[in-house]
Each structure stands twice: as C-alpha cells, then as structure tokens.
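I have placed the structure first, in the form of structure tokens, so that the comments after it can refer back to it.
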Amino acid sequence: MADLTNQQAMDEKEQQKMLAKYDKEATFRQDLGRWKWVIAFVAISLTVFHLYRATPAIGPLVYLVQGAVHLGTAMGLIFLLYPATKSGITKRGIAFYDVILALLAMGSSFYILFRYDWITGPARILGFTTVDIIVATIGIVLLLEATRRAVGLPIVVIAATAILYGLYGTNLPYGFGHGGFDWSGLSRRLFFSSEAIFGIPIQISSTYIFLFLFFGVMLVRTGVGQFFNDLAFGLTGRFTGGTAKAAVAASAMQGTVTGSSVANTVASGSFTIPMMKRAKFRPEFAAAAEASASTGGQIMPPIMGAAAFIMAEYISDVSYSDIIIIGIIPALLYFTGVFLGTHFEAKRYGIHGLPKSELPSAKGLLKRMDLILPLFTIIYMLVSGFTPTAAALTGIGTAFLVSMFRKETRMGPRSIIDALEQGARVALPVIAACASAGIIVGVVVFTGLGGKIAGALLTIAGDSLFLLLFFTMIACIILGMGLPTTANYVVTASMAAPALIAFDVPPIAAHFFVFYFGIVADITPPVCLAAYAGAGIARANPMKAGVTALKLAIAAFIIPYVFVYSPVLLLEDATFATLTPVLVTAIIGMVAISAAMMGYFFAKPYWYERILLIVAGIMLIIPGNLFISLGGLVLLVIIGVVQRIRNPEGAKNNAPA
C-alpha cells in the first residue's frame, strides 16, 4: 500500500493544479511573497476569534457584530488571496488595487461594529445617513466581487438579478411584479439587517460551520484521512472489485468531513483512481466511482456539509442532531446503490479483489483506531443533545489530543499555526457563498417573490405532486451546476421548498428533497465538476465519466422521491413494522436498477432485459403497495434465473462492450 501510494498518488502541486482547473474555490494565488505573513496573521486571527467565541464561558457576539467580523475579515482575505483573473494565480505578490479592495471590504463590514448602536436604534426611526448608504453600497458591491473570485460567476449573476428585481420588479408581467424599492431602502435592508447578507446563512456560518470546517482541517492534520483509506481497503479490498468498493467507502468517510465534492474527488482520487485503473477498471468508471462517492459524502452524517446546519434553522422543531439521525437511512441507501454499481461493473469485467499482501494488516489498523475518536466524540455529543458549537469545539480538542499519541501526527507549534491558517482559508468560499445567498433570500423575503414562485410551481404542476417534484428537481440541478451546495440549498429552500410544503409534503421531506438534488448536480451532465475532476486524474473522457457517475448514483435520483411519498424513510412516524418493508423493497429495487444501469446482473442483459430490470426496480421501490412490490420481486427473480441458466459461470472473461 505504501509503495503504491508513493508511485501513483498525485503530489500536492498536481492536486492543486487539478483543483484550480475544476474548482473555483481553489484558484488562489500560489506565490504571495512577503504578503504571506500578513495573510497568515489575519487568517490565524479569524480562526482564533471563532475558537474564542465558541467557548461556553465567552459565547458569540450579537448576530450583526459576529457576522460583521466573520464576513469582513473573510472578504479581506479573499481579495488578498484570490486574483481578479486566473492569470494572477501564478504572479508573485499581490496587486496594489487588491490591497485597497481588501481594506475597503473589511472597513465596510467593521463599520457595523462602530455604528452598531446607531444602526439598531435611532437609524430605524430617524433614517439612515448618506454615509450609511455609501458604506452599504461598497459592502454589497465588494461582496459580489469577492464571491465571483472565490466561488464563481453564476451565484453573482443570480444575486445581481435579485437586486435588480428588488429595484425594478414592479415592471414584470404575469403577476411577478413587486419590488420597487429605492436603492437607499434596499441597500440598508440588505446590509444592515438580519434578513439578508447577515441573515441565517451567515449567522450559522459564523457560529457552527466555521468550527466544523476547522475540525475537518484538524482531522487531515492528524492523519485520519489516510486511516479512512486504509480502513476502507482493509474492509472491502479483498472482495470482487475491491479497489472500487474501497474507494467508495473511503470517500464516503472523508467526504462527510471535507464537505466539498470536487476537493474530495481530487484528494481521495489521487490515490484511489490509479488503484482502480491498475485493477483493470475502465478509466471513466474509475473517475465516476470516485466522483459519485465523494459527492455522496455531503449527505453522509454526522457532518453532511454546511447546508445541513442551515437546514436545522429553517425547519422549526428540528435540531441538527435530529437531522443527522434522519439522514442516516437515505445516505446508506445512496451508498448501497453506488456499491451495487461497482459490484456489477466488477462482475461484468471479471475484476477480482486485491491480494492479501497489498491490503493493510488488521493489526496495523487496530493500532490506529484511536484516530477516529474525534469523529465519535462529535457524534456522541450531537446525539446527546449538546449544541453543534460545543460538539465541534470538543471534537477539535480531541483531535489535537489524539495527534499527540504518535510521533508522525504530533502537532508542534508550526503545525498548529499552519492548521489555524488553513482553517480560515478553507472557510472563505463558504462564507462568501452564504453572504451572497443571503442577498437572494433577502430579496425573496422583502418582495414576497418566494410566494409567487411557489404559487407558479403549484399552478404549473396542477394537482400532480409528481410534476411538482420533477420541476423542483430540475430547478435544483440547474442551480447546482453553478452554485455551491450551501448557496443552492439556501435559494431552493426559500423558493421551491415552500411549494412542496404547500402540497402537504412534510417540511423535513421537502427540505431533504431540495438538499439532495442540489448536491447531485456535481455528477449530473452536462456540468458535472466532480466527475470532470475525476476524469482529469484518470485521463478519461469527461462526458463519459459524467454519464457513468450518473448511472452509479442513480439512487440519489430515486431516494428523494421515495422519502417524499413515504416519509417513514426519514423516520416520520416510523416503527419497525412500517420502516422495514419500505427499506427492504427499496434496497432490492436498487439492485435491479443498478444492474440495468451497469449492464450486468448474473450475465450481460439483452436490451429488453435491461428495460425489465428497470421496471422491476421501480415496482419494488414504489412505496405503499405490497402487491406491486411483490410483482417486481417476481419479475426480478425470473430475470435472474434466466440469466443464471444462460451464463452459469458468471463474468470471468467478459470483454468491454
């Protein structure tokens, strides 16, 4: 294992190039010159601020002040780290105008600190001053530019369109006319209130999300990522298609910590993709397996990406600890589908497991089991009712203590300083995305646009819940092609989820529905960045990798419909008697659909057998009708028996189709 890692895994520079190509969040300057000390100081200060304010004895500042420090410092760092164009990535030092923009960005947010009493008091009665409006304008414009640099243009276009709607929306036809604020009124609402830029997304980002991102950094520093890889290979490497199954398991464990589909694809894929290719998996399949597993990491408890924290605030009477428990079954179903896909692919091409000599030893794994203690600590605290802040802080402390147990992971002063700096760096795109998404949500709230969009969706769908779900799915996927997961969820939760709830879909099912489809956009062609990143490592055709990832992750397109029609999968009024049949038939149904998608069951199916497998799978997955499920099971058994008779020896020598 170690030899293979040294020979085939990407080095850090190659990984960074790949990230910069496919992930906007990684397009930061490489050579900072003397400015690296300034950036390090500001970044470390931001992390220390959040750790200090997370301690129970201190607690966070009031929402507007905490958010101002959080966002202002982040925007300053973005202008120093992210150049205006890609050509600036390789240039030494920082352009003078970026220094000025960084100071203006920080100053506009810090203005709230010094004028807090005025902004929250007399200004609301006497009116905001001209200086207030100028500062708000500078803050909004620079936020959009910082977001463009760190996250990408699509979310900026949507936020700018929302602002234009707020100013000129009264001229729109078909009942969408509203808005009509003057700039003075709209800018102060966006910048000086708790309903827009400093609304729920930034409030959660400045309290929970930042800490969990730093927790992920600490896990990487303690070697937990490599332990996840070794553990996955130890558990699954010896079985049919073991390299691919191990890649799926490792990426699932790592993805829940990193929270980024593309970043996890590159980090894990630099090791797992060469392993899969060496085992004779097709390059496009190796890329797709890694991308689908890395994307699914964002729905895997206990962390589930940044959007899950915001979901807990959007749904009344549901805590974050509830969400991670509710999310277990859908996540397991998703990865069951991916595992099935890798199994059928391996059977189709006769790919066996790794020999014992290439697998980590059980003894070696047991010696390092303490490395997962921080993750178990977080899970225990969350399900025990502690706040996410307390859980994250305890997890960070546990990770630091665990690192002291062995020389290779022990964190000295330099490692601690590097971790503190990296903690702020990884949070910058998330902070910018949350703030810009706040602009969109703010306009939706101020103008009543959310209700109009929900009403339009209901009108188009008529009396059909399925059509409403389908239109919502398409909207989430399209938005997800340009927006990061957190921003996508914030927007769709504000505009699409209310339509589902109005159709009597349980709120938790409605929010999980938009959450899932925002995530799978990363592996949905034609814009599937995680699959493209994997294809870059595998040297495969990007579009073929995207299509294959879509086939592997087909469960992600089915499960959300199932838990809307049968919320028992989300533990809504669940009992053993009601949950078990739905769960069992869903798993068997995914066997049929995965076999059809990957082109192998007990033999390579004829075209009509693939159609029948899909029909059997859908019949099994449809909840609430036992007779239809039994019919699907009978059809699946018949296909299996026919294929076993036709090909009793399995796929020993099948050639690629």
Side-chain angles (χ1 to χ4, degrees), residues 252 292 296 299-301 304 308 311 315 318 321-341 343-344 383 464-470 472-473 497 500-501 503-517 519-520 552-597 601 612-640:
S292 57
I299 61 175
M300 175 62 78
M304 299 175 62
M311 189 191 301
I315 308 174
V318 176
S321 58
D322 294 329
I323 286 176
I324 64 173
I325 294 172
I326 290 168
I328 291 173
I329 290 177
L332 291 178
L333 287 174
Y334 173 86
F335 281 103
T336 298
V338 178
F339 257 92
L340 288 168
H343 177 77
F344 289 129
V383 300
S464 173
L465 174 58
F466 178 80
L467 283 179
L468 179 59
L469 292 171
F470 180 77
T472 303
M473 175 189 73
L500 298 177
I501 295 171
F503 217 108
D504 294 329
V505 174
I508 188 66
H511 282 267
F512 259 83
F513 188 88
V514 299
F515 175 57
Y516 262 60
F517 281 114
I519 287 172
V520 298
L552 277 172
I554 192 66
F557 293 83
I558 298 172
I559 293 167
Y561 286 90
V562 177
F563 61 57
V564 167
Y565 282 102
S566 184
V568 68
L569 283 180
L570 297 178
L571 306 182
E572 286 278 298
D573 301 320
T575 64
F576 181 82
T578 57
L579 177 61
T580 302
V582 175
L583 190 57
V584 170
T585 55
I587 292 173
I588 299 174
M590 282 194 297
V591 171
I593 291 178
S594 292
M597 289 293 163
F601 191 27
L612 291 175
L613 282 169
I614 292 174
V615 171
I618 293 174
M619 291 174 68
L620 280 157
I621 289 171
I622 292 175
N625 194 315
L626 183 60
F627 290 105
I628 292 178
S629 295
L630 286 174
L633 180 61
V634 170
L635 180 57
L636 179 62
V637 170
I638 291 172
I639 297 170

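Fair warning: this is a prediction, and the values are worked out from it, not measured in the lab.
- No side-chain heavy atom of Leu636 sits less than 4.5 Å from a side-chain heavy atom of Met619.
- Identified under the side-chain hydrogen bond (donor to acceptor under 3.5 Å, both in side chains) test for residues 564-576, with sequence neighbours left out: Thr575-Thr578.
- Taking CZ of Phe335 as the start and OG of Ser292 as the end, the distance is 8.0 Å to the nearest 0.5 Å.
- Of all heavy-atom pairs spanning Met590 and Ala555, the tightest one is SD-CB, 3.4 Å.
- Taken to the nearest 0.5 Å, the CD1 atom of Ile325 stands 8.0 Å off from the CG atom of Leu571.
- Side-chain contact between Ile593 and Ile621 is present, with at least one heavy-atom pair separated by less than 4.5 Å.
- For the pair Leu333 and Ile558, the minimum side-chain heavy-atom distance is 4.5 Å or more.
- A heavy-atom distance below 4.5 Å is found between the side chains of Leu569 and Leu583.
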Determine, step by step, whether Val514 and Thr472 satisfy the side chain to side chain contact (heavy atoms under 4.5 Å, CB included) criterion, reporting the C-alpha distance in whole Å, the side-chain angles of both residues, the deciding distance to 0.1 Å, and the verdict.
-> CA-CA 7 Å; Val514 299; Thr472 303; 3.8 Å; yes

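- With sequence neighbours left out, the ring pair (Phe, Tyr, Trp, His ring centres under 6.0 Å) criterion links Tyr334 to no other residue.
- Smallest separation of non-hydrogen atoms from Phe601 and Gly640: CE2-CA, 3.6 Å.
- Applying the ring pair (Phe, Tyr, Trp, His ring centres under 6.0 Å) test to Phe513 and every residue at least two apart in sequence or in another chain returns Phe517, Tyr561.
- Here the side chain of Thr585 pairs a donor or acceptor atom with the backbone of Val582 at under 3.5 angstrom.
- Scanning all heavy atoms of the two residues, the minimum distance from Leu570 to Pro330 falls at CD2-CG, 3.6 Å.
- Here the CD1-CD1 distance, from Ile328 to Ile323, works out to 12.5 Å after rounding to the nearest 0.5 Å.
- Proximity of the aromatic rings of Phe563 and Tyr516 is defined here by a centroid distance below 6.0 angstrom, and this criterion is met.
- Counting heavy atoms from C-beta outward, Val564 and Phe512 have side chains that stay 4.5 Å or more apart.
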